[in-house]
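Working notes for the structure below.
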Amino acid sequence: MSELKNDRFLRALLKEPVDTTPVWIMRQAGRYLPEYRATRAKAGSFMDLCENPELACEVTLQPLERFDLDAAILFSDILTIPDAMGLGLYFAEGEGPRFKTSLTSIAQVQALGVPDPEDKLRYVMDAVRTIRKELDGRVPLIGFSGSPWTLATYMVEGGSSKDFGKVKGMLYSDPATLDLLLSKLAESVTLYLNAQIAAGAQAVMIFDTWGGSLTPEAYQQFSLDYMAQIVSGLQREADGRKVPVVLFTKGGGQWLEPMAETGCDGLGLDWTVNIADARKRVGDKVALQGNMDPCVLYSDAEMIRVQVKQVIEGYGVGSGHVFNLGHGIHQHIDPDNVKVLVDAVHEFGAK
């Protein structure tokens, strides 16, 4: 593998010295970019795009051509594992992901197999290998997965949900079935992320998008305990370098301390958390990633610079900060505003 020319993202996650704050953006390869929309149209559908390693590579690299980003993130979807388990993922126009089958009984959960990542999810590993080769050491490649709890919400609800009535109903009325599902998912995610690392991912992130919907007790038992299990099962070194692990629970700012105890290297923060407070609470244990409100990008260059500076000054002096948004970029953002953000991070973050 070629030598890494820009490793400040990896260094910041390991709290090693950096020349400036590194930056990447959740969903940086996405619908706000006209070139992404063109490739997506060429692919035919979102899943066809995910399942074509060459096109997945093309869209992964698109934002790096426009912006001075410090990392690339694999273009894929968090629901690849449930799809590989046979639930039949499809995307309905205007309503997001749906599954042909949703889980309602313990018999269905018992019947689920743990997918072999180099078989049913081979297209993801091929994308990782292709991207890593094409990057040629420009910046590190981030692999990722959804968290077991987040994947379970889609599998039980049959798609996205506003109130999580079915999956939380299962949590309270039939916790044994939910635990069995989460155990299978934790095993699947561990295998999946380790396969991504073997294929060339240089850092990995676990997206717990719906952990914030839980009570503190339920979060610990049904989300965090399973993420901790994954963290302890991950390959933490490749190519003679450490492979950092980042956990991100959207709406999870109140649980940073137990999250930092999992052994992960970094925590993603959403925009509802004050980064200075977060650093006081857990900054001696983990790096922090985040956390500008994505909606700032609807404003003008001056306001974007003000908000970037605020986050960087909030974090304060010293390594251990990766700049990002507090969640994914919105599809109607002007790409020129993203350039303002990236350049401002490097300017204000220079030590």
Side-chain angles (χ1 to χ4, degrees), residues 25-32 36-37 40 43 45-51 73-105 108-109 112 115 121 124 144-174 177-178 181-182 184-186 188-189 192 205-215 218-219 222-224 226-227 247-253 268 270-272 293-295 325-333:
I25 292 170
M26 288 189 260
R27 282 199 215 118
Q28 63 191 21
R31 292 177 294 180
Y32 74 105
Y36 167 85
R37 296 195 296 271
R40 163 108 163 51
S45 75
F46 177 77
M47 277 314 286
D48 289 335
L49 179 52
C50 288
E51 290 174 4
I73 182 163
L74 162 70
F75 182 81
S76 187
D77 192 82
I78 62 168
L79 298 178
T80 50
I81 287 175
D83 184 47
M85 288 175 154
L87 268 57
L89 177 64
Y90 67 98
F91 286 80
E93 201 50 56
E95 31 175 293
R98 313 286 311 161
F99 284 113
K100 292 186 181 115
T101 308
S102 56
L103 302 176
T104 55
S105 70
Q108 282 178 300
V109 175
L112 291 175
L121 292 159
V124 179
F144 72 92
S145 172
S147 72
W149 164 255
T150 291
L151 299 180
T153 66
Y154 288 97
M155 296 166 82
V156 175
E157 299 287 341
S160 33
S161 170
K162 286 198 165 62
D163 61 9
F164 304 101
K166 291 177 186 165
V167 70
K168 289 175 86 170
M170 183 184 279
L171 184 157
Y172 292 113
S173 64
D174 188 4
T177 295
L178 184 57
L181 174 57
L182 292 167
K184 287 192 175 194
L185 286 168
S188 302
V189 170
Y192 184 57
M205 183 154 165
I206 300 172
F207 285 92
D208 185 33
T209 314
W210 301 123
S213 67
L214 293 166
T215 67
Y219 175 73
F222 295 99
S223 181
L224 192 58
Y226 289 100
M227 290 198 285
L247 299 187
F248 174 64
T249 294
K250 185 166 179 271
D270 70 19
W271 65 88
T272 63
D293 184 345
C295 291
L325 301 176
H327 199 233
I329 190 168
H330 299 185
Q331 78 177 91
H332 301 297
I333 294 295

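In this chain, numbering begins with 1 at the start of the sequence shown. Keep in mind the model is a prediction, meaning the values are calculated, not measured.
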| said: Rounded at 0.5 Å granularity, tell me how far CG in Leu87 sits from CD1 in Ile81. | reply: 12.5 Å

| task | For residues Trp149 and Thr249, determine if any side-chain heavy atom of one lies less than 4.5 Å from a side-chain heavy atom of the other. | result | no

| task | Verify the distance criterion only: is there a donor paired with an acceptor across the side chains of Thr150 and Ser147 at less than 3.5 Å? | result | yes

| task | Could you tell me if the ring centre of Tyr154 sits under 6.0 Å from that of Phe99? | result | no

| Does a side-chain heavy-atom distance below 4.5 Å link Met26 with Met205? | yes

| For Leu112, does its backbone N or O pair with a side-chain atom of Lys184 as donor and acceptor, under 3.5 Å? | yes

| Does the side chain of Arg27 reach to within under 4.5 Å of the side chain of Tyr32, using non-hydrogen atoms? | no

| query | Heavy atoms, side chains only, cut-off 4.5 Å: are Asp208 and Tyr226 in contact? | reply | no

| message | Taking the side chain as everything from C-beta on, heavy atoms only, tell me whether Leu214 gets closer than 4.5 Å to Ser223. | response | yes

| Validation row: Ile25, Ile73 side chains within 4.5 angstrom (heavy atoms) | no

| Can you tell me how far the CG atom of Leu103 sits from the OG1 atom of Thr177, to the nearest 0.5 Å? | 10.0 Å

| field | Where Ile206 and Met227 come nearest, the two heavy atoms and their spacing | value | CG2-SD, 3.8 Å

| task | Dump the intermediate steps for side chain to side chain contact (heavy atoms under 4.5 Å, CB included) on Phe207 and Leu247, then the final yes or no. | result | CA-CA 7 Å; Phe207 285 92; Leu247 299 187; over 6 Å; no

| task | Say whether Ser213 and Tyr219, considering side chains only, have a donor N or O and an acceptor N or O under 3.5 Å apart. | result | no

| message | With a 6.0 Å cut-off (strictly less than), is the heavy-atom count around CZ of Arg98, excluding the residue itself, greater than 12? | response | yes

| request: Locate the shortest heavy-atom distance separating Ala152 from Leu185; write the atom from each residue and the value. | output: N-CD1, 3.8 Å

| remark: Nearest heavy-atom approach of Ala43 to Asp48 is O-CB, 3.3 Å

| request: Could you tell me the separation between the NE2 atom of His330 and the SG atom of Cys295, rounded to the nearest 0.5 Å? | output: 4.0 Å

| query | Within the side chain of Gln108, is there an N or O that forms a donor-acceptor pair under 3.5 Å with the backbone of Thr101? | reply | no

| note | Between the OG1 atom in Thr153 and the CG atom in Leu171, the distance rounded to the nearest 0.5 Å is 12.0 Å

| query | Between the side chain of Ser161 and the main-chain N/O of Glu157, is any donor-acceptor distance below 3.5 Å? | reply | no

| task | Grab the two heavy atoms, one from Leu89 and one from Pro97, that are nearest each other, plus how far apart they are. | result | CD1-CB, 4.0 Å

| Can you name the residues that form a ring-ring contact (aromatic ring centres under 6.0 Å, His included) with Tyr90, not counting sequence neighbours? | none

| query | Mind checking whether Met85 and Ser188 have side chains closer than 4.5 Å, heavy atoms only? | reply | yes

| query | Side chains of Gln28 and Ile329: closer than 4.5 Å at any heavy-atom pair? | reply | no

| field | Heavy-atom closest pair, residues Asp163 and Lys168 | value | O-CD, 4.1 Å

| query | Which heavy-atom pair separates Trp271 from Pro294 by the least distance, and what is that distance? | reply | CE3-CD, 3.7 Å

| task | Using distance alone, with no hydrogens and no angle criterion, decide if Thr80 and Asp77 have a side-chain donor and acceptor under 3.5 Å apart. | result | no

| field | Residues in side-chain hydrogen bond (donor to acceptor under 3.5 Å, both in side chains) contact with Ser145, at least two apart in sequence or another chain | value | none

| Heavy-atom donor-acceptor pair, Asp270 side chain to Gly251 backbone, under 3.5 Å | yes

| query | With ring centroids as reference points, do Phe75 and Phe144 lie under 6.0 angstrom apart? | reply | no

| request: Only counting residues at least two apart or in another chain, list the ones meeting side-chain hydrogen bond (donor to acceptor under 3.5 Å, both in side chains) with Asp293. | output: none

| request: Dump the intermediate steps for side chain to side chain contact (heavy atoms under 4.5 Å, CB included) on Thr209 and His327, then the final yes or no. | output: CA-CA 9 Å; Thr209 314; His327 199 233; 4.0 Å; yes

| said: Just checking Phe164 against Trp210, ring centres under 6.0 Å apart? | reply: yes

